[in-house]
Amino acid sequence: MCKIGIPRGMFFYDYFPLWKEFFQELGIEIIVSSKTNKEILNLGISSCVDEACLPVKIFHGHVEYLKDKVDYIFIPRIMSIDRMEYCCPKVLGLPDMIRYSIGKLPPIIDTQINLRKSNNKYKKSIYDTGKLLGKDFWEIKKAYKKAEKSYERYIYLLNKGVVPIEAIKIYDKVFKDINYSSEHNELTIMVVGHSYSIYDEYLNMNLISKLMSNNIKVITPEMINKEKINRYSNKLPKRMFWTHGKRIVGSAFSLIEEQKIDGIIYLSSFGCGMDSVLVDLVERKAIKAEIPFTLLTLDEQTGEAGVNTRIEAFIDMMKWRNRDENNISAFR
Amino acid sequence: MKITFPHLGNVYIAGKAFLEELGQEVIPPPRCSKKTLEIGTKYSPETMCLPFKINIGNYIESIEKGADTILITGSCGPCRFGYYSVLEQSILDDLGYDVEFIVFDPIYEGVKKLKNNICRALNVKSYRELIRAGNFGWKLIKKSDYLTHLSNEKRAYAVNSYLVDNIMESYYREVENTVGGKNMLKLMNEVENSLKAVKIDKNKKPIKIGIIGEIYTIIEPFVNLEIEKKLGHMGVIVEKSLTPTRWVEHHVSNFPFGSKEENEKYRLAKPYIPTLVGGHGRETVGSAIYYSKKGFDGVIQLLPLNCMPEIVAKSILPTIQKDYDIPVMTLVLDEMTGEAGYMTRLEAFVDLLERKREEKKNEKFLYGY
Ligand code: SF4
Ligand code: SF4
């Protein structure tokens with residue numbers, strides 16, 4: 001049986017359930033690289049161009065990890081996932097960066113996904129992928145239908161308030177609300193950033209679990225539904241042409257305006273060009289609405305102790321603020 | 001309405017004359033300087049790319065000189081440039097400057113909006129007038145690019161290359177006091193004549209280097225630490241892969257098909273980068289191949305720190321270097337780039353190219369092919 005390698009990085013966190021079901025339905029064995037660790041990070045740093053951002057370097061590491069273990073590596077070329085929108089330039093060129101930075105690669109399946117002009121091309125990309133693996137039309141169609149179903153289930157879980165890291169673990173098991181104790185939570189915090197920054201637990205040193213174990217309810221951009229994201233991102237003075245930028249800004253704006261959160265932690269990775277724009281937009285909005293905002297930029301050298309201290313200080317500040325507000329209202 | 005715009009190499013010369021022809025008052029920003037960069041760095045998000053910071057510096061310096069309207073072109077992805085205007089506007093708002101932004105977005109974002117903006121910014125009374133001024137502006141762009149090109153070539157061949165600097169320096173000073181298109185053209189003709197009169201040494205066989213990379217960094221001499229001038233004094237002929245003329249030819253004159261040269265570059269880049277990656281990442285790879293085919297000795301990639309498309313290109317360039325046997329050097333630029341280290345790297349690269357040329361000659365001699 002042929003083996004396909006899926007690197008655990010970049011859009012893995014958005015689409016893994018979809019890809020997994022699809023390939024499994026086609027009877028193909030998939031091998032996912034292990035969770036990011038020191039070794040993978042170092043492999044990535046040494047093979048990738050120095051100037052790249054941390055997530056792209058980590059992705060290189062995952063490909064290095066997989067390259068001797070599989071027959072193909074799946075790195076879709078994701079150009080655009082919505083009409084008139086784009087992904088980051090580094091995402092557009094990701095298969096090329098990998099191909100010319102890493103030696104001795106198995107063939108890369110770099111199906112192009114470009115829905116900028118129309119949605120029809122999507123089907124074609126799926127068939128192309130299946131065909132490459134020697135499958136026929138009906139097999140592919142059936143597999144994709146099934147994959148789509150389970151992907152919908154996954155999205156449903158997210159919209160119900162399950163954090164994606166958990167959702168990936170449980171999406172085919174029994175439904176379980178991770179944030180079930182929400183009524184007892186003292187604080188609600190939005191953790192915002194690119195999916196591969198906020199769900200890579202090595203890169204962000206388990207930030208989300210840390211918050212949750214502190215009795216904090218966590219909301220991430222993937223948990224806000226598309227309709228809301230569109231509505232709130234439309235408030236920008238100019239159309240946001242990055243799909244992921246739109247998700248980040250739209251979700252943050254909606255939570256800020258609807259006053260659903262006590263604070264925002266923006267998780268950015270060192271060298272991210274898109275974030276230099278997005279952070280500015282979100283921070284300005286938060287400041288105007290007087291919602292505490294903090295930016296955590298992670299790089300290869302970030303130490304866990306430093307991050308912990310900053311998060312603790314941020315949580316304390318919010319708790320203190322809440323108490324203070326309550327006092328004032330009690331006196332009035 | 002007192003109009004200003006951000007600097008982009010010599011474009012302000014044509015831009016100023018073009019707007020003045022239409023009867024607008026123009027206040028171009030002072031030439032980019034350390035101060036421009038300092039102001040820009042102070043007020044911009046730290047991780048924004050270098051062109052953004054210079055833009056901010058330009059605006060503030062122009063506003064202090066009295067400008068109240070800023071003209072810029074926009075884009076809608078996939079690179080950061082498309083969102084420059086929004087961030088810039090809020091930064092200037094925060095600083096309490098009362099200025100209006102007029103952004104020319106691409107035509108697919110709405111024809112009506114574009115038309116409106118054109119009417120407002122350009123004070124168009126009739127389309128005939130606009131076309132006349134447009135053609136005139138185009139002529140000026142070509143002419144000022146030609147002068148830059150001529151000066152680069154002259155520097156490499158000149159007996160005394162510093163004469164060229166003197167001519168160009170006084171040209172730039174004169175531009176500031178020249179009003180209207182006709183006078184500008186006259187000035188340019190004079191400069192052309194003086195450049196042509198510079199004595200050259202025909203026996204020189206200059207090294208040829210192609211400058212590739214991010215468009216702004218290639219075109220704006222302040223940002224690339226005057227790379228053309230520096231190389232010129234080392235006796236190197238420099239060709240820039242992107243100039244305002246080439247840009248207009250690709251995006252305006254041949255709309256929507258694109259110019260022949262740029263399409264050729266896409267074709268060359270295709271085996272390495274089959275699709276667009278934003279900015280000029282694909283062109284960078286294509287240009288490197290293009291220059292190697294044209295017999296250039298080497299290429300230099302200019303990469304403003306954190307520039308997304310150029311990072312993609314950079315990871316492919318080592319393969320091009322191997323496949324086409326052309327030395328490639330990447331220079332990363334940001335507000336900390338130091339003059340001394342920069343110079344050393346340029347010198348070392350030129351040395352390398354000279355040695356390589358020498359070796360090739362010897363090989364020919366030895367093996368007789
Ligand atoms: S969005 Fe940021 S982190 Fe993601 S690939 Fe682009 S630059 Fe890197
Ligand atoms: S091409 Fe580079 S310098 Fe230009 S906006 Fe994009 S990231 Fe910035």
For chain B, the option from [options] that forms the most heavy-atom pairs under 4.5 Å:
options	answer
A:V56, A:I98, A:V277, A:L236	A:V277
A:G93, A:C272, A:G273, A:C88	A:G273
A:L92, A:L94, A:V91	A:L92

TODO: Taking the side chain as every heavy atom from C-beta outward, state whether B:P45 and A:V279 have any pair of such atoms under 4.5 Å apart.
DONE: no
Task: Contacting moiety of B:L276, where chain A heavy atoms sit under 4.5 Å - done: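 Interface part for B:L276: both.
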- [ ] Below 4.5 Å from any heavy atom of chain A, which atoms of B:I91 appear? Answer side chain, backbone, both or neither.
- [x]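 Both parts, backbone and side chain.
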Using distance alone, with no hydrogens and no angle check, list the donor-acceptor pairs under 3.5 Å between chain B and chain A.
unit_1 : atom_1 : unit_2 : atom_2 : d
B:S75  : O      : A:K238 : NZ     : 3.0
B:P78  : O      : A:W242 : NE1    : 2.6
B:R80  : NE     : A:G273 : O      : 3.4
B:R80  : NH1    : A:S276 : OG     : 2.9
B:G82  : O      : A:K238 : NZ     : 2.7
B:Y83  : OH     : A:K238 : O      : 2.6
B:D94  : OD2    : A:R284 : NH1    : 2.2
B:D105 : OD1    : A:K238 : NZ     : 3.2
B:E109 : OE1    : A:R239 : NE     : 3.2
B:E109 : OE2    : A:R239 : NE     : 3.4
B:E109 : OE2    : A:R239 : NH2    : 2.6
B:P271 : O      : A:Y100 : OH     : 3.2
B:T275 : OG1    : A:R77  : NH1    : 3.3
B:K314 : NZ     : A:E51  : OE1    : 2.9
B:K314 : NZ     : A:E51  : OE2    : 3.4

- [ ] Sort out for me which of B:P309, B:G278, B:A313 touches chain A most, counting heavy-atom pairs under 4.5 Å.
- [x]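 Greatest number of close heavy-atom pairs with chain A: B:P309.
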TODO: Mind ranking B:C49, B:P274, B:G281, B:G74 by heavy-atom pairs under 4.5 Å with chain A and telling me who comes out on top?
DONE: B:P274
Contacting moiety of [X], where chain B heavy atoms sit under 4.5 Å:
X	answer
A:C87	backbone
A:M79	side chain
A:L281	side chain

- [ ] For A:P89 and B:V312, work out which heavy atoms get closest and say how close.
- [x] O-CG2, 3.7 Å
Open item on the list: Taking atom CZ as the centre, does A:F270 end up with more than 12 heavy-atom neighbours from other residues, nucleotides or ligands that are less than 6.0 angstrom away?
Closed with: no
